[in-house]
2 protein chains.
Amino acid sequence: MVLATSRNLTPLPAGHPCLGCDVRSVAVCGVLECAMLAQLRLMGCAQKLKPGEPLFHEGDESKQVYTLTKGVLKLYKLLPDGRRQVTGFMFPGDFLGISVDDAHAFTAEALADTQLCKFSRGRFDSFVEEHPEMERELYRVAAHELAAAQQQMVLLGRKTAAERLASFFLALLDRAERASGASERFVKLPMSRSDIADYLGLTKETVSRVLAMLKKRRLIRLEALDVIEILDREGLTDLAEGLMGE
Amino acid sequence: MVLATSRNLTPLPAGHPCLGCDVRSVAVCGVLECAMLAQLRLMGCAQKLKPGEPLFHEGDESKQVYTLTKGVLKLYKLLPDGRRQVTGFMFPGDFLGISVDDAHAFTAEALADTQLCKFSRGRFDSFVEEHPEMERELYRVAAHELAAAQQQMVLLGRKTAAERLASFFLALLDRAERASGASERFVKLPMSRSDIADYLGLTKETVSRVLAMLKKRRLIRLEALDVIEILDREGLTDLAEGLMGE
DNA sequence: CGTTCGATTGAGCTTTCTCAAGCACAGTGG
DNA sequence: CCACTGTGCTTGAGAAAGCTCAATCGAACG
């Protein structure tokens, strides 16, 4: 639910801290010239996170922006009594840097071994200053995120548990296919059942039960605890859109 | 849940279609020079809507952008079976124009007699082209919207019915106070109970019942069916943040 | 081989929803 | 001026989806 989408590939100069990443692009610059991408990357320095390690907390001052190059992050907000809402997951290629009033609106925490390319906000801002087309791109990505957030509001406000799970798996599938550029049958779930529950506004028990139901209906299969196979994409799509209820 | 916040006031030239509006500003240009605001306004032409009249539908091609000058709009998305999620309300000063792939992500419908200042997207884009600081402002507003959307996800995913209503009233109160620049005790509800329900992920019956409960707890009072008085703002805030449950 | 931690399953409960009836107020026509 | 009607709001009773609490399972790891 934050700046997203991986794009064009860009070569990195030898010796750069981001060398060895999964990704050779800067997501937010999908439309920018390769020269510009390389230049931006040069300004960054590498940062690594272990599973469970936070990158920053909700309310922290936002002094850096990041590109995720390897791993997965979950983004979440907490209520004072501990209720958690996961607002999104970040994958390689995603850009992390939108903030209001220079404060982070959510906590970002690694789900796996994670690697980021970090830019100081000042340097990033001056880079954007020098490349006005970057500004447009930032706006485009924010607009995209906003549309995704509205879609998630429909899910949280109006969909049943089964519809939420179906929508979630299809969204992960779409993303995997966009990343690989090929059609996929298997979807990796790098997050726990609790994380899925907190993203979909459910409990982990309900997630487990609905998962069992989707298996019994032959819509999906569990290849492993954290890998699902999509058996009936059309059926899953109908379910996700609420067409199975009647 | 779409571009928002009213700001600086700008005089409009005599004879302009927007003359007679509630607002003398273009929200999205909060930081821009007055000269620029006036110039943008000159490019616009007026449009009026009656209650219940749609401005555009979800999926329609997005050929215009708008500034709301008078009235209220509700923005919503539908599931195929008719379930509705209201993603936001628009008030005078709000800007309506963020879209992805040139298609509207939601339906916009008037709740009252409404007046807008309309710009063709092409002219708006070339105006933005000529005023790069406008691009930054668009981005800033989109980022603000995104933060609000994430807040709404917490509400929809994790809050109880009472917490949702309390949060909603406080958000309306905040907005009213920002608009008037003064402290307020009364909040106008220009939308129906069903609209509130569809915004908060509830049913209209639950909204009514929770309203009755809030009255009994002396947190609010109904001045009229569509005007609430805030009797205990602190209590309402505690409730909205989930601090009353324990 | 035992321990641990996440995932699953079960039973009962709570919140919210659904369906239905009653109420209040605005607009209309006699 | 008042009954009539429609629409939206409120209230009630029963149902259901999903939650809570608790027990069990199972894979990973020491």
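Letters go in sequence order (proteins before strands), and every chain restarts at 1. Only a predicted model underlies this, so the values are computations on that prediction, with no experimental measurement involved.
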message: Protein within reach of the bases, or only the backbone? For nucleotides 18-30 of chain D, mark each nucleotide 5' to 3' as B, S or -, using heavy atoms under 4.0 Å.
response: SSBB---------
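Taking atom CD on A:E163 and atom P on D:dA17, their separation rounds to 12 Å, with Å as the unit.
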Side chains of residues 203-210 of chain B: which donor-acceptor partners sit under 3.5 Å, not counting sequence neighbours?
from: B:T203; atom 1: OG1; to: B:T206; atom 2: N; distance (Å): 3.3
from: B:T203; atom 1: OG1; to: B:T206; atom 2: OG1; distance (Å): 3.1

Taking distance alone, no hydrogens or angles, what donor-acceptor pairs closer than 3.5 Å link side-chain atoms of residues 153-160 of chain B to residues at least two apart or in another chain?
from: B:R158; atom 1: NE; to: A:R84; atom 2: O; distance (Å): 2.9
from: B:R158; atom 1: NH1; to: A:L202; atom 2: O; distance (Å): 3.3
from: B:R158; atom 1: NH2; to: A:A197; atom 2: O; distance (Å): 3.3
from: B:R158; atom 1: NH2; to: A:D198; atom 2: OD1; distance (Å): 2.8
from: B:R158; atom 1: NH2; to: A:L202; atom 2: O; distance (Å): 2.5
from: B:K159; atom 1: NZ; to: B:S167; atom 2: OG; distance (Å): 2.9
from: B:K159; atom 1: NZ; to: B:A240; atom 2: O; distance (Å): 3.0
from: B:T160; atom 1: OG1; to: B:E163; atom 2: N; distance (Å): 3.3

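The number of heavy-atom neighbours closer than 6.0 Å to NZ of B:K63, taken from other residues, nucleotides and ligands shown, is 12 or below. More than 12 heavy atoms of other residues, nucleotides or ligands sit less than 6.0 Å from atom NZ of B:K188.
A distance-only check finds a donor-acceptor pair linking the side chain of A:K77 to the backbone of A:A105 [under 3.5 Å].
Residue contacts shown for A:S208 include a base, since a base heavy atom lies under 4.0 Å away.
The bend of the helix from C:dC1-D:dG30 to C:dG30-D:dC1, defined by the angle between the axes of its first five and last five pairs, stands at 20° to the nearest 10°.
Below 30°, between 30° and 60°, or above 60°: for A:F89 and A:F168 the angle between ring planes is between 30° and 60°, a tilted geometry.
The span of DNA chain C lying next to chain A, judged by atoms under 4.0 Å from heavy atoms, is bounded 5' to 3' by C:dA7 to C:dA11.
Of the N and O atoms on the side chains of A:Q47 and A:K118, at least one donor lies less than 3.5 Å from an acceptor on the other residue.
For residues 209-230 of chain B, no pair satisfies ring-ring contact (aromatic ring centres under 6.0 Å, His included), with sequence neighbours left out.
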